Amino acid sequence: MNLHISKDKSLEPARKPFLKKLLSSRLTFSLVILLIVVVQNIITTPTFFRITITNGLISGYIPDILDEASLLVIVSLGMTLVIAATGGVDISVGSIMAIAASFCGLMLNGPEYRTDVYHSPYFLALLVGLLGGALCGAFNGFLVAGLKLQPMIATLILFTAGRSIAKQITHGQTIYIMNPTFKYLGVQIPGVPVRTTIIVSFVMILIVVLFTKLTSLGLYVQSVGINGASSRLVGLNARVIKFMVFVISGVLAGAAGLVGSSSLGSVNSGELGLNLEMDAILAVALGGNLLSGGKFSIAGTVIGAYTIQAITTTLYAMNVRADQLNVFKALIIIVIIVANSDVFKERIRKLTGKVVRKNVSVGG
Amino acid sequence: MDSVNQNQTPSLIMTGIGKSFPGVRALNGVDFKLRRGEIHALMGENGAGKSTLVKVLTGVYPLDEGTIELDGTPVSIRSTQDAQRLGISTVYQEVNLCGNLTVAENLFLGREPRSLGLIDWKAMNRKAAELLQELNIIAEPTVQLDSYSIAVQQMIAIARAVNTDCKFLILDEPTSSLDTDEVKKLFTLMRQLKEKGVGIIFITHFLEQVYEICDRITVLRNGELVGEYEVEKLPRLELVTKMMGKELENLSDLSSSKDQLHTDEEPLLEARELSSGTSKIAPFDLKIHKGEVVGFAGLLGSGRSELVRALYGADKAVQGQLFVKGKSVKIKKPLDAIKKGMAYLPEDRKVDGIFADLSVRENIIIALQAKHGLKRMTRREMEKYADEYIKLLNIKTASMETPIKSLSGGNQQKVILARWLLTHPEFMILDEPTRGIDVGTKTEIQKLILKLAAEGMSVAFISAEIDEMLRTCSRIVVMRDRRKVGELTQSEMNQSTIMRTIAGEGGQ
């Protein structure tokens, strides 16, 4: 084709005014929420920003939030991709955490359940754990992409059966691992002043961001989520892409399971990652991502996840009792979700519009 | 058979009906008359105003202007309930019934016979059986609706509609998913209703069916009434010309300088007995040469879109053989077609074309990117291509990062064109690329097609406007009732032969 093409290189994309762009971004919303939580802490908890070094570890409220949010952050990354590509959710991530950790624990303990000596090499055990997560993800992916089941129904299978499967792997026992190196992943590597959970979660964020930005996966996930029919006609294979996001979600859940069990020094398949899937969905929503799929923002999800943890930590700092905690959390979340809903925004817009018009008529 | 009815005065009279939507005048001073005991075809191409007229009559849309009279008394129809109360019922193309309920339950849903406040199941089943027998529908009242074919379900929907003291029945494309036998059964039922004095409005794309069953035809075009005709007095050719808006007398052959290029060479694309399972088009043979623009003419629903979709593998279960440059190829999905150098601009831009929330840049590069798999094109490459084609096609957008949904229809269409030009296809399918876009863009696109063909690209071009095809095509394939019925070469191509072939009178 010899179409005439002008070689003008001076094209500058017209940029929206910064403020307008900032206000229209969904990311702004989640940032504002996080900011409110932080400001509130400055007022009520003067020690909030104090960072000390105890036992060779940086500690304080903020490092605590980063540490305690790490599992949620890792799991939410995968959840973001699943929601974007399928418009559905993966509710099996908590169970997958338990399965992956059980595989890892079994490899380390061996059939004799020796808690002090590794039966298999540490890294091999981690790899098997991740592989377990990937397998679970592949199973979910097959149900959704191959058999066209609703994502929530498909992942309900492992959600229900997962912890039971994990128990079978460990023969119904809580596995304890006393070897100090096991704590490297979930607590601290000797000489490193930052908790490993924080490092791992940051690395995971980085990997997912790079993987979605440097390959075309991010674009494909959005395309499939926005318009399945068009995707097919431009030559995308929606099935493969949906399968992939579930595998990625499974691997990430597996990683979270390994980190979580390492923090505790044991594998308790009944407790590990319990109810985490719901917080992960919430993190994605708080991040301004549409639960109906399509465009997504990893940054939004990460901010959403830290916001959830910051709220929890703040409430504890304000001496809210553990049994009251969820009520307060729910109230805050209701406010956030409602304020971010389109109906509410429309009402506000109309309301302010009316006020403006009234003023004008009075003025005239 | 019903000469009495034929001469009866109309009992439903719509006069001077006008209806506007923001930016569109959908109906403009339309008159429509329906007599008891007649089957009246409502004909027109896309955007003619058929469905708007029906929706005004059934109370879905309030009318802006005009009056509706029933048996001499003016009525106002503000809701679908009003319409039903007046005895006007509608059966749509898709069966609007509950598949998981029984036939009887469906027939009496919402008006179940009751005794002591409870549903009287016995009475309901008995009444249902009576109704079915009366209309000669072979179905058991107590069997779940799902277990019957679409045709029977369609008839049960009609039975439900006529049960409620129905004087007028509107059938909106009831036959489009039925096979020949099923259509026959439906027609028998329609004739029975006609004998009972029900006035039927029949909307269909199939000319054969109009001439088989209808008494009168009302033709609409661009929201205006063209006229009301008795079927015997309106030959097919005239019907087609009235629908498409061309008077045969005024036709002057457009002289064309298009050469018949490369037709002696091996065709770029050859289809033998091709069809696809889902589209129900008859298997067809087709050859397309290098640098040729082949038009596909036919009325809406004639199968012209389905034919090109079969070439591209857009519909599943493709049967028959396809050869590209003489080599047999298997095309199971669009990606296979793209790899063989094909491109497809779909008819429905919103549903099959754009990714609404993605940027213009992403919408442009997506097809080329999809060929690369997971290996991402660099940002600079993407921007270079997007920039190139925004300028080349003169796409009006604030920036290449603007979401495509905020562009006008014509500019969205150009983005989709850019998407496919970027893949440097050898064969490009354009299904109504100029529909719903402004005149200026229309001309630009026509010029582009000729230019691309001159550079050696082969194009399959579908348009509802014959003028446009005469201007751009070197050969025209004509479709009628889901069948390829003719091919017109350069020398045979003019308005009248095309119309004749579409109508099925001579010209073949």
Side-chain angles (χ1 to χ4, degrees), chain A residues 1-17 20-21 24-26 84-85 87 210-241 243-245 248 288-290 292-297, chain B residues 309 312 314 333-339 344-346 348 350-358 361-363 365-377 379 383-384 386-393 397-403 416 419-421 423-425 448 451-452 455-457:
Chain A
M1 228 170 30
N2 301 312
L3 297 167
H4 171 73
I5 287 150
S6 55
K7 295 276 178 203
D8 184 8
K9 301 230 168 184
S10 68
L11 181 108
E12 274 295 321
R15 295 205 184 279
K16 275 191 195 173
K20 201 178 165 192
K21 202 173 173 183
S24 65
S25 165
R26 282 183 169 266
L210 289 181
F211 191 52
T212 50
K213 296 269 179 191
L214 291 186
T215 72
S216 48
L217 185 75
L219 180 64
Y220 293 169
V221 164
Q222 301 190 46
S223 303
V224 168
I226 292 171
N227 191 336
S230 298
S231 302
R232 195 172 111 76
L233 291 176
V234 299
L236 293 179
N237 191 335
R239 264 194 266 176
V240 170
I241 289 157
F243 182 78
M244 275 178 76
V245 294
I248 292 171
N289 295 297
L290 290 174
S292 50
K295 285 205 82 111
F296 67 87
S297 157
Chain B
R309 284 175 72 89
Y312 187 68
K333 53 181 189 296
L335 186 61
D336 302 337
I338 295 169
K339 284 184 176 154
Y344 170 60
L345 184 133
D348 195 329
K350 283 217 167 64
V351 174
D352 291 331
I354 63 168
F355 296 96
D357 291 328
L358 293 186
R361 169 180 58 86
E362 287 165 322
N363 268 288
I365 56 95
I366 184 82
L368 182 62
Q369 174 65 69
K371 276 168 97 175
H372 292 320
L374 273 181
K375 194 173 157 291
R376 184 175 173 272
M377 293 155 67
R379 180 76 180 218
E383 285 179 356
K384 194 188 95 202
D387 186 26
E388 236 176 69
Y389 281 88
I390 286 172
K391 283 186 182 143
L392 178 74
L393 299 179
T397 171
S399 85
M400 64 172 78
E401 300 305 325
T402 310
I416 313 282
R419 172 192 293 170
W420 291 115
L421 291 179
T423 64
H424 296 269
L448 183 73
K451 187 174 167 189
L452 293 170
E455 285 163 5
M457 193 189 291

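Note that the coordinates shown come from a computational prediction; the quantities given were computed from them, not determined experimentally. A, B, ... follow the sequence lines: proteins, then strands. Residue 1 opens every chain.
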*Asks:* I'd like to check the side chain to side chain donor-acceptor pair (under 3.5 Å) partners of D357(B); sequence neighbours left out, ordered by chain and number.
*Replies:*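 If we apply the side chain to side chain donor-acceptor pair (under 3.5 Å) test to D357(B), skipping adjacent residues, the hits are K405(B).
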*Asks:* I'd like to verify something: which residue of L233(A), T215(A), I226(A) has the highest number of heavy-atom pairs under 4.5 Å with chain B?
*Replies:*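 Answer, by heavy-atom pair count under 4.5 Å with chain B: L233(A).
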*Asks:* Is L214(A) close to chain B through its backbone or its side chain, or both, or neither, when contacts mean heavy atoms under 4.5 Å?
*Replies:*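 Only the backbone of L214(A) comes within 4.5 Å of chain B.
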*Asks:* S230(A): what forms a side chain to side chain donor-acceptor pair (under 3.5 Å) with it, not counting sequence neighbours?
*Replies:*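 Only N227(A) meet the side chain to side chain donor-acceptor pair (under 3.5 Å) criterion with S230(A).
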*Asks:* Where do L335(B) and N237(A) land on the side-chain contact (heavy atoms from CB on, under 4.5 Å) test, with the steps shown first?
*Replies:* CA-CA 8 Å; L335(B) 186 61; N237(A) 191 335; 5.9 Å; no
*Asks:* Could you tell me which portion of R419(B) (side chain, backbone, both or neither) has an atom closer than 4.5 angstrom to a non-hydrogen atom of chain A?
*Replies:*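 The side chain, not the backbone.
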*Asks:* So for I365(B), is it side chain, backbone, both, or neither that comes closer than 4.5 Å to the heavy atoms of chain A?
*Replies:*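 Interface part for I365(B): side chain.
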*Asks:* What's the shortest heavy-atom distance between S216(A) and G373(B), and which atoms?
*Replies:*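 What the structure gives for the nearest pair is OG-O, 2.8 Å.
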*Asks:* Heavy-atom cut-off 4.5 Å, strictly under: side chain, backbone, both or neither for L358(B) against chain A?
*Replies:*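 L358(B) touches chain A through backbone and side-chain heavy atoms alike.
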*Asks:* Check whether K375(B) gets within reach of chain A through its side chain, its backbone, both or neither, counting any heavy atom under 4.5 Å.
*Replies:*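 Looking at K375(B), just its backbone touches chain A.
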*Asks:* With respect to chain B, which residue among S231(A), S223(A), G228(A) yields the maximal number of heavy-atom pairs within a distance under 4.5 Å?
*Replies:*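 With the most close heavy-atom pairs to chain B, the winner is S223(A).
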*Asks:* Roughly how far, to the nearest 0.5 Å, is the NZ atom of K295(A) from the CD atom of E362(B)?
*Replies:*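 E362(B) atom CD to K295(A) atom NZ measures 5.0 Å (nearest 0.5 Å).
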*Asks:* Side chain, backbone, both or neither: which part of F355(B) has an atom under 4.5 Å from a heavy atom of chain A?
*Replies:*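 Answer is both: backbone and side chain atoms of F355(B) are under 4.5 Å from chain A.
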*Asks:* Any donor-acceptor pair under 3.5 Å linking the side chain of Y220(A) with the backbone of L374(B)?
*Replies:*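 No; zero donor-acceptor contacts below 3.5 Å.
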*Asks:* Just by distance, do the side chain of R376(B) and the backbone of K213(A) share a donor-acceptor pair under 3.5 Å?
*Replies:*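 Checking the backbone N and O of K213(A) against the side chain of R376(B), a donor-acceptor pair under 3.5 Å is found.
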